[in-house]
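Letters A, B, ... are given to chains in the order of the sequence lines, protein chains preceding strands, and every chain is numbered from 1. Given the structure is predicted, the values throughout are model-derived calculations rather than measurements.
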Amino acid sequence: DTEVTQTPKHLVMGMTNKKSLKCEQHMGHRAMYWYKQKAKKPPELMFVYSYEKLSINESVPSRFSPECPNSSLLNLHLHALQPEDSALYLCASSLVDSPNQPQHFGDGTRLSIL
Amino acid sequence: RKEVEQDPGPFNVPEGATVAFNCTYSNSASQSFFWYRQDCRKEPKLLMSVYSSGNEDGRFTAQLNRASQYISLLIRDSKLSDSATYLCVVNIRRFQKLVFGTGTRLLVSP
């Protein structure tokens with residue numbers, strides 16, 4: 001079982017809805033990440049949080065809004081998404097923001113935009 | 001040229017076979033290297049880190065060749081449960097940006 005927990009597992013929403021994805025880890029990791037993965041493609045980095053501060057935004061559209069309320073939680077707020085935003089959204093964490101630390105992934109939220 | 005390149009496969013092998021995957025990376029400043037496996041519709045899971053001296057974990061052996069900028073994964077005595085996509089992952093920047101290869105699909109048959 002993964003030690004990074006994501007909810008919900010599946011989400012279907014209309015283009016005008018507002019929803020949030022949640023990610024939680026209790027491994028004491030201080031770096032957390034959001035990735036987007038389309039079918040048969042590798043994960044693409046969206047955001048990086050280090051010690052609860054946003055350190056990387058990979059030019060993600062503003063309809064995606066990340067939030068890190070504390071060191072264990074990471075949210076991704078969604079608003080006015082487009083059909084092409086349908087994908088698997090993966091959260092990951094690592095011990096610290098260090099190039100030698102592997103990342104551990106949650107099992108993702110499968111998002112469908114109608 | 002992609003930052004991380006892998007042969008997409010699929011590699012079809014019988015149980016018990018030995019199979020090897022290579023992965024090349026373009027940025028010589030790359031610092032850390034990993035192999036992840038991803039099952040269909042599941043999250044990537046860390047298989048092993050790759051160290052400069054090479055490392056082994058049971059049936060899996062990883063090698064790094066910095067001069068030629070490639071890493072490899074060798075799987076011995078393949079099991080049916082090894083069927084998955086194997087992602088080569090390279091950390092290039094100090095801020096932990098992992099760059100994923102497109103993955104190599106392995107199918108192990110009885």
Side-chain angles (χ1 to χ4, degrees), chain A residues 1-7 9-10 21 23 25 27 29-51 53-60 87-112, chain B residues 2-10 21 23-25 27-53 55 57 60 62 64 66 71 73 84-105:
Chain A
D1 289 338
T2 180
E3 295 180 81
V4 179
T5 305
Q6 290 187 241
T7 55
K9 295 286 184 279
H10 302 274
L21 308 185
C23 175
Q25 57 85 18
M27 296 182 282
H29 288 181
R30 304 310 300 271
M32 296 184 76
Y33 316 83
W34 280 115
Y35 287 85
K36 172 183 178 180
Q37 187 175 24
K38 303 282 277 184
K40 300 189 187 299
K41 298 287 187 183
E44 296 177 359
L45 182 66
M46 299 174 72
F47 301 104
V48 179
Y49 273 82
S50 179
Y51 290 87
K53 287 185 168 36
L54 182 65
S55 60
I56 294 180
N57 176 340
E58 290 286 310
S59 303
V60 179
L88 178 67
Y89 287 84
L90 293 160
C91 174
S93 70
S94 62
L95 186 61
V96 290
D97 177 20
S98 162
N100 296 321
Q101 293 295 323
Q103 294 179 15
H104 301 271
F105 286 83
D107 53 8
T109 294
R110 197 161 295 279
L111 177 65
S112 298
Chain B
K2 291 181 183 176
E3 292 182 355
V4 180
E5 293 201 68
Q6 294 182 253
D7 180 343
F21 311 134
C23 163
T24 58
Y25 58 94
N27 190 314
S28 60
S30 300
Q31 296 178 278
S32 304
F33 310 88
F34 308 95
W35 284 102
Y36 282 73
R37 72 170 275 168
Q38 187 169 25
D39 294 282
C40 187
R41 300 178 70 82
K42 298 285 190 180
E43 78 278 16
K45 292 187 177 179
L46 178 67
L47 182 64
M48 58 199 304
S49 302
V50 186
Y51 303 119
S52 296
S53 55
N55 47 299
D57 183 1
F60 300 85
L64 167 63
R66 284 191 185 272
I71 67 174
L73 177 68
T85 296
Y86 290 82
L87 298 163
C88 171
V89 184
V90 177
N91 185 309
I92 295 177
R93 292 195 319 213
R94 186 178 82 82
F95 287 106
Q96 263 289 69
K97 179 177 177 176
L98 291 186
V99 179
F100 288 76
T102 51
T104 296
R105 191 160 172 231

Exercise. With B/D57, which residues qualify under side chain to side chain contact (heavy atoms under 4.5 Å, CB included), at least two apart?
Worked result: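 Partners of B/D57 under the side chain to side chain contact (heavy atoms under 4.5 Å, CB included) test: B/M48.
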Problem set entry | Atom group of B/R41 that falls short of 4.5 Å from chain A, counting heavy atoms |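 Answer is both: backbone and side chain atoms of B/R41 are under 4.5 Å from chain A.
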Problem set entry | Residue B/Y36 versus chain A: region with a heavy atom under 4.5 Å |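 For B/Y36, the contact with chain A is made by the side chain alone.
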For this session: Heavy-atom distances under 4.5 Å only: say whether A/Q37 touches chain B with side chain, backbone, both or neither.
Result: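 A/Q37 touches chain B through side-chain heavy atoms alone.
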For this session: Could I get the full list of salt bridge (Lys or Arg N to Asp or Glu O under 4.0 Å) partners for B/E5, not counting sequence neighbours?
Result: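 Residues passing salt bridge (Lys or Arg N to Asp or Glu O under 4.0 Å) with B/E5: B/R1.
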For this session: May I ask you to decide whether A/D107 forms a salt bridge with A/K9, counting only side-chain N to carboxylate O separations under 4.0 Å?
Result: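 The answer is yes: the pair qualifies as a salt bridge.
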Problem set entry | Nearest atoms (heavy-atom pairs only) where B/L47 meets B/L73 |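 Closest approach of B/L47 to B/L73: CD2-CD2, 3.7 Å.
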